[in-house]
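The next block holds one structure in the form of structure tokens; read it before the comments.
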Amino acid sequence: MKANTLFSFSQSQSNLLDGIAVFVQVVQSKSFVNAAEKMQHSTSYISKEVSKLETRLGVRLLHRTTRTLSLTSEGEVYYQQCQQIIEDALHVENSLSGRQQIPQGRLKLSCPIGIGVSRIRPILAEFMAKYPKVTLDIDLNDHKVDLIADGFDIVIRAAMQLEDSSLISRRFMNSTSLTLASPEYLTQYGRPKHPDELVHHHMISYRNLKTPETWQYRSQNGQVTQTHVTSRVSCNNSEMMISLCLAGQGIIRMPLFNLREEVATGKLVPLFEDFMPINIGVYLVYPSRKNMPAKVKCFIDFIVDKLGDS
């Protein structure tokens, strides 16, 4: 057993941890009123505790206006450290009391609309029945959210390759991106035989990509073709893009996980099938493996078990 670390606290340090829990609750609640309600204190008490904490630290932690509450740069650093302190303290309490960590509490999830509707929705009822103490806060959104700043526990992302970051990612599903058009469109405008011919067609592009009007293809011999298209429609929603494509308004490029029966029933026709498929990975992204809450771990394990390698 390691020797205990001996701390020598001065009188001014005797209140070292005062106000930390209140400060974290205010940040997570996004208001003094909501924090007071959750902690069962008065709003004035909550406000005074944060003010005393700022005075003791000698820095302003929060920007306050009549309508908004936001962290200062110093507050952001302090908040991240305080979160870890509180998590560690709760972990110690749970260990000492002999309680088994049970998945519980609110799980905040962000997911692209197509994946959420086609893949996540069918299995949610089973997850909720298996973990009745976990409540779900689901944001279906095709925009890329900021996991930390927006307070998400888990974000699901689809990409050919994720950007490097300090976040943890786990790939659980693979898909393929197809170039598609309706039979009616092809009858009216002709079927392009090579990606270079797309410059002469009506294109519907996905605006949330970094380069939405650059479509890359790879031939069977490995030669890469970069096709620069001009969008007749630029859109940030896959369902709208599919609807327009079905109506014969243009050509789209779409991952299979966003499609249901459109390809199998012939309502949409794949193009350039002699080129190699574009592989898309679907990932679970979360802040850290360290001290992972049980609600996060059980959701990750459930998704991997149900959808892994699909």
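The first residue in the sequence is number 1, and the count goes up from there.
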Could you note down all residue pairs passing side-chain hydrogen bond (donor to acceptor under 3.5 Å, both in side chains) where [range] supplies at least one of them, sequence neighbours left out?
range	answer
residues 271-285	Arg171-Tyr283
residues 197-207	Tyr185-His201, His202-Arg232, Ser205-Ser231, Tyr206-Asn208
residues 236-247	His143-Asn236

Between [X] and [Y], a side-chain donor and acceptor under 3.5 Å:
X	Y	value
Ser44	Ser47	no
Gln80	Glu76	yes
His63	Ser70	no

Does NZ or CZ of Arg253 fall inside the cone over Tyr217's six-membered ring, less than 6.0 Å from its centre and within 45° of the axis?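 That pair qualifies as a cation-pi contact.
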Examine [X] and [Y] and state if one hydrophobic cluster contains both, with Ile, Leu, Val, Met, Phe, Trp and Tyr joined whenever side-chain heavy atoms are less than 4.5 Å apart.
X	Y	value
Leu186	Met254	no
Val233	Leu268	yes
Leu140	Phe172	yes

In short, ring pair (Phe, Tyr, Trp, His ring centres under 6.0 Å) pairs touching residues 120-140 with sequence neighbours left out are Phe127-Tyr131, Phe127-Phe299, Phe127-Phe302
Quick one: list whatever passes side-chain contact (heavy atoms from CB on, under 4.5 Å) with Thr135, sequence neighbours left out. Arg106
According to side-chain hydrogen bond (donor to acceptor under 3.5 Å, both in side chains), who are the partners of Ser51, at least two apart in sequence or on a separate chain?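 Listed in chain order: nothing, the list is empty.
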Surrounding CZ of Arg64 (heavy atoms of other residues, nucleotides or ligands, distance under 6.0 Å), is the total greater than 12? yes
Can you tell me if CD on Glu261 sees more than 12 non-hydrogen neighbours from other groups inside 6.0 Å?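 Not more than 12 within 6.0 Å, no.
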Minimum side-chain heavy-atom gap Tyr78-Leu57 below 4.5 Å: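 Sidechains of Leu57 and Tyr78: in contact.
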Met203: which of Ile252, Leu198, Thr227 passes side chain to side chain contact (heavy atoms under 4.5 Å, CB included): Leu198
